[in-house]
There are 2 protein chains.
Amino acid sequence: MLNLSVLTDPGFCPHSLNKYPSIMACGNGFMGIRATHEEDYTQQTRGMYLAGLYHRAGHNESSELVNLPDITGIDVELDGENFTLLSGEILSWHRELAFANGELRRSVVWRSSQGRRYRLESRRFVSLDQLPLAAMQLSITPLDASSQVVLKTGIDATQTNSGRQHLDEISVRVFDPHYLQGVYETQDRAADVVISACCRLSMDSDSCFTAKNRSITVHHALNVTQGETVTLEKLVWLTHRRDRALSMETFARNALTELQACAAHGYAALLARSACVWDKVWHDSRVAVSSTEERDQMALDYAVWHLTAMTPAHDERSSIAAKGLTGEGYKGHIFWDTEIFLLPFHLFTRPQTARSLLRYRWLNLPGAREKARRNGWPGALFPWESAASGQEETPEFAAINIRTGVRQKVASALAEHHIVADIAWAVVAYWQATHDDAFMRNEGLTLLMETALFWMGRATKVNGRLEIHNVIGPDEYTEHVNNNAYTNYLAWHNVASARQFMSMFGREDAHFTENANRFLTHLWLPAANAEGVLPQDDSFMAKPTIDLSRYKEKAGKQTILLDYSRAEVNEMQILKQADVVMLNYLLPERFTPQQCVANLAYYEPRTIHDSSLSKAIHGIVFARCGDTERAYAFWRDGIAIDLGNDPHSSDEGIHAAATGAIWSGVIQGFAGVQIVAGELHLAPKLPAHWRKLTFPLRWRNASMRFTFENEVITIETSMPVTLTLWGKILSAAGRQNFAYKDFMTSVSGTATTERGHDA
Amino acid sequence: MLNLSVLTDPGFCPHSLNKYPSIMACGNGFMGIRATHEEDYTQQTRGMYLAGLYHRAGHNESSELVNLPDITGIDVELDGENFTLLSGEILSWHRELAFANGELRRSVVWRSSQGRRYRLESRRFVSLDQLPLAAMQLSITPLDASSQVVLKTGIDATQTNSGRQHLDEISVRVFDPHYLQGVYETQDRAADVVISACCRLSMDSDSCFTAKNRSITVHHALNVTQGETVTLEKLVWLTHRRDRALSMETFARNALTELQACAAHGYAALLARSACVWDKVWHDSRVAVSSTEERDQMALDYAVWHLTAMTPAHDERSSIAAKGLTGEGYKGHIFWDTEIFLLPFHLFTRPQTARSLLRYRWLNLPGAREKARRNGWPGALFPWESAASGQEETPEFAAINIRTGVRQKVASALAEHHIVADIAWAVVAYWQATHDDAFMRNEGLTLLMETALFWMGRATKVNGRLEIHNVIGPDEYTEHVNNNAYTNYLAWHNVASARQFMSMFGREDAHFTENANRFLTHLWLPAANAEGVLPQDDSFMAKPTIDLSRYKEKAGKQTILLDYSRAEVNEMQILKQADVVMLNYLLPERFTPQQCVANLAYYEPRTIHDSSLSKAIHGIVFARCGDTERAYAFWRDGIAIDLGNDPHSSDEGIHAAATGAIWSGVIQGFAGVQIVAGELHLAPKLPAHWRKLTFPLRWRNASMRFTFENEVITIETSMPVTLTLWGKILSAAGRQNFAYKDFMTSVSGTATTERGHDA
């Protein structure tokens, strides 16, 4: 049995009312539900989202992930007093998210201001077995006397995204004796949402339904004797559609039928089924670590939990939002985060999902081609931010400058073009890890060629060499530069990969090849200086530096912008996040270890790490360079982005990319997993705090499990594999142990072989 | 000095968090602000409304009074703890609305859950001197130790009408050092709203501005020593427009300039100015009573307060919403309530406002003509519900029947046509009370003729007589009947008045006169039976009766509909509200006192009084019939509609018409003021609880003041007037006393005359 972590909310605190709802959110890739309390608090933001359901709420607004009508709220009145933890006294408290089965639980003993004690226990999960299903229970036990209990719950469509309303209410219905249903339509009439709920009480009660002001509510009033427990069970079936193949009546009725089938099983059985599916998730992707620091294992379980909950694996028309399905930050848009920070996890644990994420880009090629064309370039220019349609969703203007009244154009959509090459990089990595020729032949080659065409058109000829001007690299504190090293190298990789795979798959096109050859020969690739440092761009090295230590202390808060304007920051050697270091991470074979070390040494002191994407990448490159303790420190800082003590760190949702980086930091950092020249390389070196590390890894058709302990690697594999360990070829089959010393010395040793338990 | 009432909120109670915000709302006819607390509560609904600012938020929605971005909320953090009365302990509490100057005040001593005591005092008013101005202050005094105080306030546009958003945010700005401004546009782009705020603290503080998620906020953080008081003063200037004559920049800048001018004066001076205008209101319209019941005077001051605060006297394009400007009930629409329940107060105290309310109807004649034409009738059919445009705003369908999924057509807009005659009745009453010939010549005659034309086309010839079929009278429990007595008599009055005034003003039209004569001759006016009872309609008297006592006990809650369907109720002698009694009230000269008594006796037991309009009218007719004690009981019930103990009575706003009826009940009931045959009649009879009654009354060019005490009437008048007291002509000039006995006996006495104090 896996001994999975349990994430706890240490105590009720008005200041962290939006942090825990994000980090403890339940989800299944189809929907996400913030872990808000049943009772309302003014500062608590409820949220339920459907992957891919975006809408633009009005002029001056962007498409955003729609915050759906709430189903989690329950008004509880105990002997005439509204239950709220702001009044009375909390006598005992336990709140946890159990990663093993995905259940969110709270148990509270509360003394009302009238002095009576009650136990309130609630539990909730989102089914990984039936994606449209969410279920919850609330149990109340009066401890001191028989009590009058009133419960009100239903479907509350007063919910908005910070006041922006996306849905029109089409109808609200009740179906005797337990069912409620609300039917909604996005205001642009493009999508329908049907929410069906079944509310059952474990005891008889006076009950009635009301529908008013966008809420449909069932009211239960009953007397509960001292020590007796009444339980409200609420099952919710959530569906949406963009097509109108069925009539609305049929679509809504079908939803009700599905819910009725669930209701026949009840909460416990439905939870058990969902837990079985979670069990498989954990089997296929859990990273187990023996660390002196308890939080390390917690963070790894937390990462796999959210990497599963945030990913719409069921729907290749959707991808992963910057905050997953846990909040409204970045309006639920999809960035390069998906390909660079999130895809590796899927690639190495469930490659079908990685394929689906790449299919999302392939399906959205029309929008990318359109964006390129509108800007006068060939090929495909993928949007910096995208949602359901593949159109550019980056707001045209930034938030208003409240001092000047001016809205600046958002530069990312105009110049942060590296996303094109990032997608190509992910296509190549996917094929390398899977040898999925069918994908490469259909979607992969098209993606590689269209993106390559973009770069060939995007480059400018200057004195006989090709340069890429006016871009923004990953480091967004340096804007509109020429020959950003990250961009140029990735673009080169993009074009080279297109040429290589077109040739490999017999799709050579003389004109394309000729152009590609010219591009690859002439594209300027910024060269390392004598120390091995790559210039971030043409102008960077000449800019002045300042002491960044006080800004680095508050990394993530962008405090530099309180002291300097963006224009001023742009004219100094100040990095928001890894840029050349990121390049070293993505294309390891292009750079020597010495160059990587030199770049870390040069750039890290100039990097504030104001982006949550920065420290994790530094950690991985430090690990690869052998500085495991520095890598561990960065990795721990990365964990703290969401799991640290800042009560407001995650108010608008978890940091999805940082969650991917928790996994990557271990697998690609401490275990040293890399794809070099298309082959799998390992170079494990555990932090001093760690005694043992175990994780599953998919590589092509093999399902492997690696264990690192006592300078020995144990490899368990479903079929024979060949990989490279510290530069030496290793072949493994079944279950085998390999001693580090046999690979780290220049003398090659012999691996001990034993039979795998399943052999 | 007037000793005006103070309305108090007896104590903080989570259940009445929306009642007191309605009944203690501040307003000036231009804007209304609900009396919500500065701190948020989940069940507290904030509201700020501009008269005439309506918008439709989406499909399936009606136009509604827009709930504007909030300016009243202040987040208060005291030594790290959010101030909320749900936690800690309330050591002292005082909250009141002072009618004299319109100031809403709260003073609380609060012990935080950390055990520290603080005094928090807040005050607020909406200026009657400068209509776009609202002002507030919040003072905090730490009582036990120096304290860290954080205050956050600004303009919060996350506000919605139950989740329906009406405004797009155009820009948010700050202007050093104290000014914030938000510019909004209705989503249909038809109207702009500019909210400007000036926030000043009485002490130095760290302050900063943030703009995010539709909110612009100023944050103040400071240390306040024990016993010291820090005061935050916030002045708000609220403007809107439908025309775009000025650029948005100029319009917004002008608002800021106005606010800056106010800020130069400060809260106290601005309050004093507003209080001066209130002073005049009280002088011109206060009703003073010496009663054994303290609440009687309170109710009368409450009524005049709200009758002033709800009435857009400044803008004849707006009229009075069913909940005034205190809440969102009935979506802020305008009903017959205005002409029948609210206009009398204005008519007899500030006839210019009555004229403005009638001008609203006149300006909206195009919509009324269009509605008549669409339905195949001539003339003007005024909408049952109207908003800014004069179009019919009654929702086409009622709320969905949640059991069947069916939405029934709303019948009121289809058949509740008496509103046409109600408006004509008000035109006649206005002229009678003012002899404003200019109005009658321009607007009045047009209104009378267009409405008369409607009725002449609306009637159906049956066996030689004209009948009016398929209508709903004021009693909405009886739908789609023929020859509703109220409707037929009022229609007759309408046509007769049109004929009369056209003749009087030399506008006779032979064709019209001929048609009017035919109508007046042939229209069936249901005749009283031998007992004097008028049949409510053709079918009513044949319907069965049931015992209504248990429904009458819960009058206003429509509990009958829990036991019977609307269709079943329609087939019984069950009244929602006064119908024939209402007719007796409006056209007193048409009925004998015996008939009025008989109708009360017959209909009252059949009336549940589920409408808030019902009891007050019964009260007036009982008073006129001499049953003063029964009248008083009904009047007291009418007071309780908003001022009673039901914590939810006024959640969605006060009952505007019932507020008008508090005034009418006294003036038209106990003082017996009536217009009979165009002349002023009085018939005072005070309830046993009352010793003295004084009120001002405008009648044509005379400003009078009546006092009733010890069987003596004192009349003070600015010019000689003639009126009828208990059927006897009385002439008064200056200040004169008249003994009841001289008028109640058959022998006519001589009035004592003395000089008025202003003579």
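Just so you know, these numbers come straight off a predicted model, no measurement behind them. All chains are named by letter (A, B, ...) in the order of the sequence lines, taking the proteins before the strands, and each is independently numbered beginning at 1.
Across B/T42, B/L86, B/T158, B/V174, the residue that shares the most heavy-atom pairs under 4.5 angstrom with chain A is B/V174. Among A/C208, A/S162, A/G405, the residue making the largest number of heavy-atom pairs under 4.5 Å with chain B is A/S162. Note on B/L85, B/T404, B/N401: by heavy-atom pairs under 4.5 Å with chain A, the leading option is B/T404. Of the listed residues (A/R173, A/Q159, A/R189, A/Q44), the greatest number of heavy-atom pairs within a distance under 4.5 Å of chain B belongs to A/R173. Between chain A and the options B/G88, B/S171, B/A211, B/P14, the largest number of non-hydrogen pairs under 4.5 Å is found for B/S171.
Both the backbone and the side chain of B/Q187 come within contact range of chain A, each with at least one heavy atom under 4.5 Å from a heavy atom of that chain. Contacts of B/E185 with chain A are made by side-chain atoms alone, with heavy-atom separations under 4.5 Å and no backbone atom involved.
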Candidate pair B/D40 and A/Q43, rule side chain to side chain contact (heavy atoms under 4.5 Å, CB included), full reasoning: CA-CA 9 Å; B/D40 283 330; A/Q43 285 156 320; over 6 Å; no
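Note that the CZ atom of A/F175 and the CZ atom of B/R403 stand 11.0 Å from one another [nearest 0.5 Å]. The distance from the OG1 atom of B/T160 to the CZ atom of A/R164 is 12.5 Å, given to the nearest 0.5 Å. Note that CD of A/E89 and OG of B/S87 are 13.0 Å apart. Values are rounded to the nearest 0.5 Å.
Within a 6.0 Å sphere centred on OH of B/Y330, other residues, nucleotides and ligands contribute 12 heavy atoms or fewer.
Within residues 212-219 of chain B, the residues having any heavy atom closer than 4.5 Å to a heavy atom of chain A are B/K212, B/N213, B/R214, B/I216, listed by residue number. Residues of residues 66-80 of chain A that come within less than 4.5 angstrom of chain B, heavy atom to heavy atom, are A/D75, A/E77, A/G80 in numerical order.
Remark: the backbone N or O of A/A57 is not paired with any side-chain donor or acceptor of B/Q165 at under 3.5 angstrom. Remark: side-chain polar atoms of B/E61 are not paired, donor with acceptor, to backbone N or O of A/E169 under 3.5 angstrom.
Between B/I170 and A/R407, the shortest heavy-atom contact is O-NH2, 2.6 Å.
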